[in-house]
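A, B, ... follow the sequence lines: proteins, then strands. Residue 1 opens every chain.
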Amino acid sequence: MRALVNKALAAHYQPASPASEAFRSLRTNLHYYAQDKPLQSLAVTSVLPDESKSTICNLAISFAQEGGKVLLVDAVPRKPMLHSLFSISNEAGLAAILYNGLEWRNAVIDSDIPNLSVIPAGTVSKDAVASLPVNHIQHLLQEAKQQFQWILIDCPSAVSSADAQILSAHTDGVLLLLHQGKTKKAHTSQIIKQLNLVRANLIGTVIISE
Amino acid sequence: MDLELREYILMAKKKFWIIASIVLIGSLLTGLASYLVVKPKYEASSTLFVNNKTLEVEGNAQSMDVNTSIMLANTYKEIVLNPSLLNKVVAQYPELSFTREQLAQMIKVNTISQTPVMTITAVHTDYEKAVHTVNAVSAVFKSELPQMLQVDNVSILNEARVEDSPIAVTPHPVIQIAISFVVLVMFSIGLVSLLEHLDDSIKDEKAVEREYGIPNLGLIPKIKPVKRKVRKESKPYQKAVGEPIHESLGQ
């Protein structure tokens, strides 16, 4: 667990490392993209299942280090991890916002890292198989944009869940994470196709080398 | 997907250690086997001469008919390996303890072209045995020929001798190592190509961009784990009312 925290918050604890440098460069590329088209909400999904946590955390930290307010949302209900990485409670989270009518502002928790706030996944009852309520998502995104400069949503892999597709359709952009030497080309093609089907704005890929 | 030559070379470079290890180990094994394991075989030869005399015509002295002799030599070549002759060798020389089939395998007969000279060669791991065998076959052939063909026109020019230094005929270590080296290089390159073809994971960013038409925004290197010393940021120094402030110079 500690190793995972180290990895996920590397941009904060090892700002001089090559990895942190790479995240800053990714951040810059996203800024360039944002010059042409509005880019405030980003869905981050990986081809490999459940492999996007550390990347999205570090990216969020990089944005936060610039001074803008960042909201990090944990949309992986089956394996919620963000709350542990930031040592916050998982009691009230995205699940409550989407299914129990919780006002989203009540689920936002400020992390120890300046400018970075988190909405954890929350707890989902095992038999909840309803698909994501789209209007709640849109509402959340719209209002959050007033308060935060960047909204990053950690999505499950599109291979295992349709949530990534749905969320991607409503964010300004989607980042696809590929793991060097592990991600299969066949899966990658499949996911890109799925994202194109919902007209998601696939901004680009990020390759993680191991 | 067609692989260009450049990609082949890049791929060979990456998996170079696989190729190198296969080739080196294989060649080494071949060399060891060739030098140490495989028993060398030696060759012993005897030379025979066919001396066909012409029929007496009008009282002329007998002279050798070379052309016929040459043709006879070529014919006799086949007869030496004839099973009945070999059986006789086995029977007359039991100390050799070869079967007819073994003899047939060991013996080679050649003629020197355009001459009525035949050589009988035996190959065996034991040089002495090869010598005895070849001499036995030569002797039997010469003695049996009159019975078989009613002519007696073969003479033994040269017998194999045990005192001669044996020449190893097989194996040829250097050639074998060279051959195995070449074969292993080709095989290992083929193997590596196959592995690369079958491997369909994402490798480099250019390929990704090219293949999917989606820009690559970054490549994140491996995050090295570092022991974190401090989890919380140190708390600011808090003074209670009335407490004197101690200034200390920097450490």
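Expressed to the nearest 0.5 Å, how far CG of B:N216 lies from OG1 of A:T205 amounts to 4.0 Å. Interatomic distance, CG of B:L219 versus CG of A:L26, reported as 10.5 Å (0.5 Å rounding). Atoms CG and CD1, on A:N196 and B:I214 in that order, are 6.5 Å from each other to the nearest 0.5 Å. If you take CD1 on B:I220 and CD on A:Q180, they are separated by 11.5 Å, rounding to the nearest 0.5 Å.
Around NE2 of A:H187, the count of heavy atoms belonging to other residues, nucleotides or ligands within 6.0 Å does not exceed 12. Crowding of B:Y93 atom OH: a count of heavy atoms from other residues, nucleotides or ligands under 6.0 Å exceeding 12. B:E95 CD: more than 12 foreign heavy atoms inside a 6.0 Å radius. Within a 6.0 Å radius of NZ in A:K145, other residues, nucleotides and ligands contribute more than 12 heavy atoms. Other residues, nucleotides and ligands contribute over 12 non-hydrogen atoms within 6.0 Å of the CD atom of A:Q147. Heavy-atom contacts from other residues, nucleotides or ligands closer than 6.0 Å to CD of B:Q105 number 12 or fewer.
When heavy atoms are compared at a cutoff of 4.5 Å, A:L30 approaches chain B solely by way of its side chain, counted from C-beta outward. With a 4.5 Å cut-off on non-hydrogen atoms, A:I208 touches chain B through its backbone and its side chain both. Residue A:S189 touches chain B through both its backbone and its side chain, counting heavy-atom pairs closer than 4.5 Å. Heavy atoms closer than 4.5 Å to chain B are found in both the backbone and the side chain of A:I203. Contact of A:K184 with chain B is made through backbone and side chain together, with heavy-atom distances under 4.5 Å. With a 4.5 Å cut-off on non-hydrogen atoms, A:S17 does not touch chain B at all.
Heavy-atom pairs under 4.5 Å with chain B were tallied for A:A10, A:S209, A:A19, A:A22; the largest tally goes to A:S209. For the set A:F23, A:Y33, A:Y32, the entry with the most heavy-atom pairs within less than 4.5 Å of chain B is A:F23.
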